[in-house]
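Computed from a prediction, not measured in an experiment: that's the story for all the values here. Chain A is the first sequence line, chain B the second, and so forth, proteins listed ahead of strands; every chain is numbered from 1.
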There are 2 protein chains.
Amino acid sequence: METTKKMKMMSLDQLKDKHLGEVGTIERDKYEFDLKIEILGDMIKSVRKERHLTQEQLGELIGVQKSQISKLERNTRNVTIETILKVFKALKANVKFSIEMNEGEFKVA
Amino acid sequence: METTKKMKMMSLDQLKDKHLGEVGTIERDKYEFDLKIEILGDMIKSVRKERHLTQEQLGELIGVQKSQISKLERNTRNVTIETILKVFKALKANVKFSIEMNEGEFKVA
DNA sequence: AAAATAGTTTCCATATATTGAAACTTTTTA
DNA sequence: TAAAAAGTTTCAATATATGGAAACTATTTT
């Protein structure tokens with residue numbers, strides 16, 4: 001099993017944001033990772049913990065039972081984008097998505 | 001504050017397959033965007049175009065009909081993570097996911 | 001303009017994601 | 001250590017994502 005690797009990093013963009021905002025008061029966390037089903041749940045859990053919420057509280061914010069949150073965090077199954085967005089929106093976390101590709105890497109079979 | 005920048009090393013295979021440009025100048029495209037259902041399809045389409053594939057060809061790579069690809073690109077519905085990963089994997093594109101949050105922004109209702 | 005290719009839509013079946021309720025287990029607190 | 005709180009699992013219902021087939025429209029090519 002893979003352990004949760006929580007990588008905190010500060011990007012240039014964040015530095016800019018920080019300077020634009022109130023000096024030194026805005027702490028911004030960014031978690032970035034290769035998208036895999038197995039990691040998503042861990043991310044939900046991480047952010048929820050950071051917000052000091054119980055599964056039940058998060059569930060209330062979204063409008064679902066705590067069991068639902070548990071399932072999501074435990075990666076018991078596939079998830080739809082909509083569900084992911086609902087959760088992170090409730091956690092007031094900004095979700096970004098990026099796609100990287102090397103030019104010319106591709107060959108049609 | 002440390003930035004962990006891990007630009008992927010280029011493999012020899014990638015260099016070999018590179019058909020234009022000089023050695024060592026493989027361009028890497030990165031599309032980053034706030035995750036929204038409406039945008040995902042556009043991204044699939046963009047990357048597919050960049051790979052010079054038709055919907056039918058992409059479908060073959062994944063093992064689905066072209067109509068399926070059309071539906072995905074046209075954002076006709078919600079999508080699961082699994083499907084997203086399947087598509088971008090076939091396109092040899094690296095999918096990243098990031099979550100940003102401001103500390104202390106959160107208030108429990 | 002006709003043919004060929006590419007993309008879209010509809011109809012429909014099947015698989016599975018979402019969800020609640022309740023019982024259960026684990027962790028925390030008094 | 002007993003009670004309370006937090007988290008997990010199971011059972012079951014419903015909604016909906018995935019997918020193929022075929023007819024359709026749009027675009028490109030000859």
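- Nearest-nucleotide positions on DNA chain C place B:Ile69 closer to the 5' end than the other of B:Ile69 and B:Glu82.
- Looking at B:Arg51, its side chain does come within 3.5 Å of a backbone N or O of B:Lys92 through a donor-acceptor pair.
- At whole-Å resolution of the value, CD1 in A:Ile37 and C1' in C:dA17 are 12 Å apart.
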Provide a list of protein-nucleic acid N or O atom pairs under 3.5 angstrom, restricted to nucleotides 10-15 of chain D.
{"from": "D:dT10", "atom 1": "O4", "to": "A:Lys71", "atom 2": "NZ", "distance (Å)": "3.3"}

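- The distance between atom CG of B:Asn75 and atom C1' of C:dT8, rounded to the nearest whole Å, is 14 Å.
- Atom CD of B:Gln65 and atom P of C:dT8 are 15 Å apart (whole Å).
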Going by atom type alone, with no hydrogens or angles, which donor-acceptor pairs under 3.5 Å involve a side-chain atom of residues 38-48 of chain B and a protein atom two or more places apart or on another chain?
{"from": "B:Ser46", "atom 1": "OG", "to": "B:Asp42", "atom 2": "O", "distance (Å)": "3.1"}
{"from": "B:Arg48", "atom 1": "NE", "to": "B:Glu73", "atom 2": "OE2", "distance (Å)": "2.5"}
{"from": "B:Arg48", "atom 1": "NH1", "to": "B:Leu53", "atom 2": "O", "distance (Å)": "2.8"}
{"from": "B:Arg48", "atom 1": "NH2", "to": "B:Glu73", "atom 2": "OE1", "distance (Å)": "3.0"}
{"from": "B:Arg48", "atom 1": "NH2", "to": "B:Glu73", "atom 2": "OE2", "distance (Å)": "3.3"}

I'd like a list of close polar pairs between nucleotides 5-7 of chain D and the protein, N/O only, cut-off under 3.5 Å.
{"from": "D:dG7", "atom 1": "OP1", "to": "A:Arg48", "atom 2": "NH1", "distance (Å)": "3.2"}
{"from": "D:dG7", "atom 1": "OP2", "to": "A:Gln55", "atom 2": "N", "distance (Å)": "2.8"}
{"from": "D:dG7", "atom 1": "N7", "to": "A:Lys66", "atom 2": "NZ", "distance (Å)": "3.0"}
{"from": "D:dG7", "atom 1": "O6", "to": "A:Lys66", "atom 2": "NZ", "distance (Å)": "3.1"}

Taking distance alone, no hydrogens or angles, what donor-acceptor pairs closer than 3.5 Å link side-chain atoms of residues 81-91 of chain B to residues at least two apart or in another chain?
{"from": "B:Thr83", "atom 1": "OG1", "to": "B:Thr80", "atom 2": "OG1", "distance (Å)": "3.1"}

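- The CG atom of A:Asn78 sits 10 Å away from the P atom of C:dT16 (whole-angstrom rounding).
- A:Gly63 comes within contact range of the sugar-phosphate backbone alone, with a heavy-atom separation under 4.0 Å but no base atom that close.
- Judged as a side chain to side chain donor-acceptor pair (under 3.5 Å), and not counting sequence neighbours, B:Glu56 has no contacts.
- Of all heavy-atom pairs spanning B:Gln57 and B:Thr54, the tightest one is OE1-N, 2.9 Å.
- Atoms CD (B:Glu60) and C1' (D:dG19) sit 16 Å apart, rounded to a whole Å.
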(request) Could you check A:Lys30 against A:Lys96 for side chain to side chain contact (heavy atoms under 4.5 Å, CB included), going step by step and ending with a plain yes or no? (result) CA-CA 10 Å; A:Lys30 182 174 184 179; A:Lys96 293 211 171 185; 6.0 Å; no
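- Whole-Å rounding puts the B:Leu72 CG to C:dT9 C1' distance at 14 Å.
- Remark: A:Gln65 pairs with A:Ser67 by the side-chain contact (heavy atoms from CB on, under 4.5 Å) rule, at least two apart or across chains.
- In this structure, CD of A:Gln68 is placed 17 Å from P of C:dT16, rounded to the nearest angstrom.
- Phosphate proximity of D:dA17 to B:Lys86: absent, as no side-chain N or O sits under 4.0 Å from OP1 or OP2.
- Considering only residues two or more places apart in sequence or on other chains, B:Phe33 meets the ring-ring contact (aromatic ring centres under 6.0 Å, His included) condition with A:Phe97.
- The two residues A:Ile99 and B:Ala93 come nearest to each other via the heavy atoms CG2-CB, 3.7 Å.
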